[in-house]
Amino acid sequence: MTTLALYNTLTRTKEAFAPIDANNVRMYVCGPTVYDFAHIGNARPVIVFDLLFRLLRHTYGVDHVTYVRNITDVDDKINARALRDFPDLPLNEAIRRVTEKTEKQFLSDASALGSLEPTIQPRATDNIEQMQTLISDLIAKKHAYNASGEVLFDVKSMPEYGQLSGRNLDDNLAGARIAVEAHKKNPADFVLWKQSSASEPGWDSPWGRGRPGWHIECSAMSERYLGQTFDIHGGGLDLIFPHHENEIAQSRCAHGTHAMANVWMHNGFLQVEGQKMSKSLGNFVTINELLETGAMGGRAWIGDVLRLAMLMTHYREPIDFSVSRLEEAESKLRDWQRAARGAELAEGDDPDASVVKELTDDLNFHRASVALDFIAKKANRDEGNAKHCLASTLRFLGFGLDSLLTSEDGWEAPPHIAAAIADRLAALNSKDFAKADTIRNALAEQGIALMDYKDEAGERQTKWEMKR
RNA sequence: GGCCUCGUGGCGGAGUGGUGACGCAGCGGAUUGCAAAUCCGCGUACUCCGGUUCAAUUCCGGACGAGGCCUCCA
């Protein structure tokens, strides 16, 4: 079996991946908080861990990988958004409107980016009971305490707290930027359960009507669907501290385990045109805007291009998301699709082994793409089964095979184009080059590029392509 | 202030203790009525300063620079 090497944030080294159970490889990735449309930065973990999911499925078998990505639908930002957008509705109804709409959009965005659906996509609000059980366990084991109506995790009760992020509590204190809240035993103690006022969403609990803290949901949902210790936990770099650190503290202390997940993976951040993405700079762009509006470069970009633009850089490195990057990705993808054109795929066709091998080295997509270029070159020379191999590999990587090349109705030219092409061929055959060029230019105006070639019988033929 | 990443040619981006990956763009050639596509070929780099070494872009130290976290932001 192929060996997979993955960089583990916990050890800061690349390690050979050994699943706990090769018959059920388990991965958890922190999903979106559904209060607003996902921005391009949110797209990165979606794409990166989808690639890992695909690789795991290929390595261990499609039915031997469980990928859980949660939907966080309880959060104070959601409450705020609900009040802002639906001030006339009862709060619960307003919240439901916000989360349903946002979740739907997220799933549609993820799909447009070529991502497979995770095996399970649990919602926080469907797991409140599990969270409460976990909190009760933590209290019983003296890892949590009740103060001023909040249940707090006692970080001092866990000697190894800070292992993932490489910080110790004293360092944090030195920073002294943590607001000191009198009811906490230690400034780093974090909330497991907080009380809700009548105007806030809440659930009844042994500690009063309230709502869960930020971190507990992931501990609860990962345990429910993947067990107390599982293989891989992923998310953005920013989640290392405090989110993942706190997840580990909760899960390990509640279960008395040595690990929550064996491998912790984190994708890097991205900038937009060399600058940090922020609403104030005006370069904050959502996935949906990229797909459907001219938010970047004055035009829309298809999901396949966004996916490739994202994967062009190794997942742990920072990315400068720019128009020129998108253009390069588009051009590269077009090359591949052109080279793979006409291949007919069957259900079980495997991706190229050399491409897969590159990916097994901590998802080195860029090297995989070099291997892909090599195959594309062979496909253009019509060598062996290169064309077919390229197509199946592109499919494996989550790319469409013709998204840049065809019009909506496939390679069959619409009647007016077919007619124009026929007219032009007739003109060419009577050496009327001026007329031929007029037709070519007219079609070019419509974004259609013509390419002449000779068929096997030596007859002149014309192919066409949509230029976006 | 503490902690964590990173710094390769016009751009993207791997990798390595010792003959300058690869892609895009650019240039030349083949091909073409002209093109496009395709094929063949070409150029330019390892932030700076020390150290280790026969030899460093690659290891170590420092400087400078960029980004992130430490107030629920992927």
Side-chain angles (χ1 to χ4, degrees), chain A residues 9 12 29-33 35 38-49 72 74-78 162 164-168 170-179 181 187-188 190-191 212-215 217 234-243 245-246 266-271 274-278 309 312-314 316-320 322 324-325 327-332 334-335 338-339 341 358 361 364-374 376-377 379-382 427-428 431-434 436-437 440-441 444 449-454 460 462-465 467:
Chain A
T9 305
R12 313 267 168 194
V29 173
C30 291
T33 301
Y35 72 102
H39 57 69
I40 187 62
N42 296 307
R44 196 167 187 191
V46 171
I47 293 168
V48 164
F49 291 106
T72 297
V74 49
D75 182 277
D76 289 351
K77 287 199 295 293
I78 295 174
L164 179 72
S165 55
R167 27 182 116 213
N168 61 61
D170 299 330
D171 286 344
N172 274 341
L173 286 178
R177 286 179 54 193
I178 300 162
E181 294 166 77
F190 55 91
V191 175
W214 176 33
H215 318 293
E217 57 175 89
L237 202 72
D238 59 321
L239 294 181
I240 294 174
F241 191 91
H243 185 52
E245 196 71 77
N246 292 349
H266 296 95
N267 61 273
F269 260 46
L270 61 80
Q271 295 180 279
Q275 287 193 298
K276 179 177 176 168
M277 181 167 64
S278 73
M312 261 158 47
T313 299
H314 186 89
R316 283 190 280 117
E317 297 293 316
I319 286 187
D320 183 13
S322 62
S324 63
R325 167 183 288 268
E327 286 169 346
E328 187 174 336
E330 186 177 69
S331 146
K332 174 55 64 191
R334 194 195 301 277
D335 286 349
R338 193 140 46 198
R341 182 193 298 163
E358 299 294 7
D361 183 14
N364 196 331
F365 182 88
H366 205 275
R367 287 182 62 99
S369 80
V370 170
L372 217 48
D373 277 337
F374 189 67
K377 195 157 266 197
N380 283 330
R381 291 199 213 98
D382 236 357
L428 282 177
K431 304 263 188 231
D432 185 352
F433 297 122
D437 286 347
R440 177 200 287 287
N441 293 337
L450 298 184
M451 291 165 289
D452 295 334
Y453 68 103
K454 294 222 166 75
R460 187 199 294 271
T462 299
K463 289 195 278 197
W464 66 285
E465 249 179 43
K467 287 271 185 197

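A note on names: the letters A, B, ... follow the listed sequences, proteins ahead of strands, and every chain is numbered from 1. Just so it is clear, the model here is predicted, and its values are computed rather than measured.
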Between Asn380(A) and Arg338(A), does a side chain to side chain contact (heavy atoms under 4.5 Å, CB included) hold up when you go through it step by step?
CA-CA 9 Å; Asn380(A) 283 330; Arg338(A) 193 140 46 198; 5.8 Å; no

Set out, line by line, the N/O atom pairs under 3.5 Å between protein and nucleotides 39-42 of chain B.
unit_1: C40(B); atom_1: OP1; unit_2: Arg381(A); atom_2: NH2; d: 2.9

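- Listed by chain and residue number, Trp214(A), His215(A) satisfy the ring-ring contact (aromatic ring centres under 6.0 Å, His included) test with His243(A) (two or more places apart in sequence, or in another chain).
- With sequence neighbours excluded, the residues forming a side-chain contact (heavy atoms from CB on, under 4.5 Å) with Ala368(A) are Val355(A), Glu358(A), Leu359(A), listed by chain and number.
- Taking Arg460(A) as the reference, nothing meets the side chain to side chain donor-acceptor pair (under 3.5 Å) condition, with sequence neighbours excluded.
- Take Asp452(A) and apply the side chain to side chain donor-acceptor pair (under 3.5 Å) test, not counting sequence neighbours, and it matches Arg424(A), Thr462(A).
- Nucleic acid contact class of Arg367(A) (heavy atoms, under 4.0 Å, all strands): sugar-phosphate only.
- Under the rule for a side-chain contact (heavy atoms from CB on, under 4.5 Å), the partners of His366(A) that lie at least two apart in sequence or sit in another chain are Asn364(A), Ser369(A), Val370(A).
- Helical stems of RNA chain B (runs of at least 3 Watson-Crick or G-U pairs, donor-acceptor distances under 3.5 Å) are listed by first residue: B:1-7 with B:64-70, B:10-12 with B:22-24, B:26-30 with B:38-42, B:47-51 with B:59-63.
- Across all strands, Asp373(A) comes closer than 4.0 Å only to sugar-phosphate atoms, never to a base (heavy-atom distances).
- Taking the ring-ring contact (aromatic ring centres under 6.0 Å, His included) definition, one finds that His266(A) meets it with His244(A), sequence neighbours left out.
- Between the side chain of Glu245(A) and the backbone N or O of Gly162(A) there is at least one donor-acceptor pair closer than 3.5 Å.
- Nearer the 5' end of RNA chain B, as judged by each residue's closest nucleotide, is the contact made by Val370(A), out of Gly268(A) and Val370(A).
- Nearest nucleotide to the Leu239(A) side chain, out of A36(B), C72(B), A74(B): A74(B).
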Contact list (N/O, under 3.5 angstrom) for nucleotides 27-33 of chain B vs protein:
unit_1: G33(B); atom_1: O6; unit_2: Arg424(A); atom_2: NH2; d: 3.3
unit_1: G33(B); atom_1: N1; unit_2: Asp437(A); atom_2: OD1; d: 2.9
unit_1: G33(B); atom_1: N2; unit_2: Asp437(A); atom_2: OD1; d: 3.4
unit_1: G33(B); atom_1: N2; unit_2: Asp437(A); atom_2: OD2; d: 2.6

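- Residues meeting the side-chain contact (heavy atoms from CB on, under 4.5 Å) test with Phe433(A), sequence neighbours left out: Leu428(A), Lys431(A).
- At the phosphate of G15(B), OP1 or OP2 sits under 4.0 Å from a side-chain N or O atom of Asn364(A).
- Distances were taken from every side-chain heavy atom of Arg338(A) (C-beta onward) to each of G12(B), A14(B), A37(B); the shortest belongs to A37(B).
- In this view, Ser324(A) and Ser322(A) satisfy the side chain to side chain donor-acceptor pair (under 3.5 Å) rule, not counting sequence neighbours.
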Can you check nucleotides 4-7 of chain B for protein contacts, nitrogen or oxygen pairs under 3.5 Å, and list what you find?
unit_1: C4(B); atom_1: O2'; unit_2: Arg12(A); atom_2: NH1; d: 3.3

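- Among G12(B), A74(B), C24(B), the nucleotide with an atom closest to any side-chain atom of Asp238(A) is A74(B).
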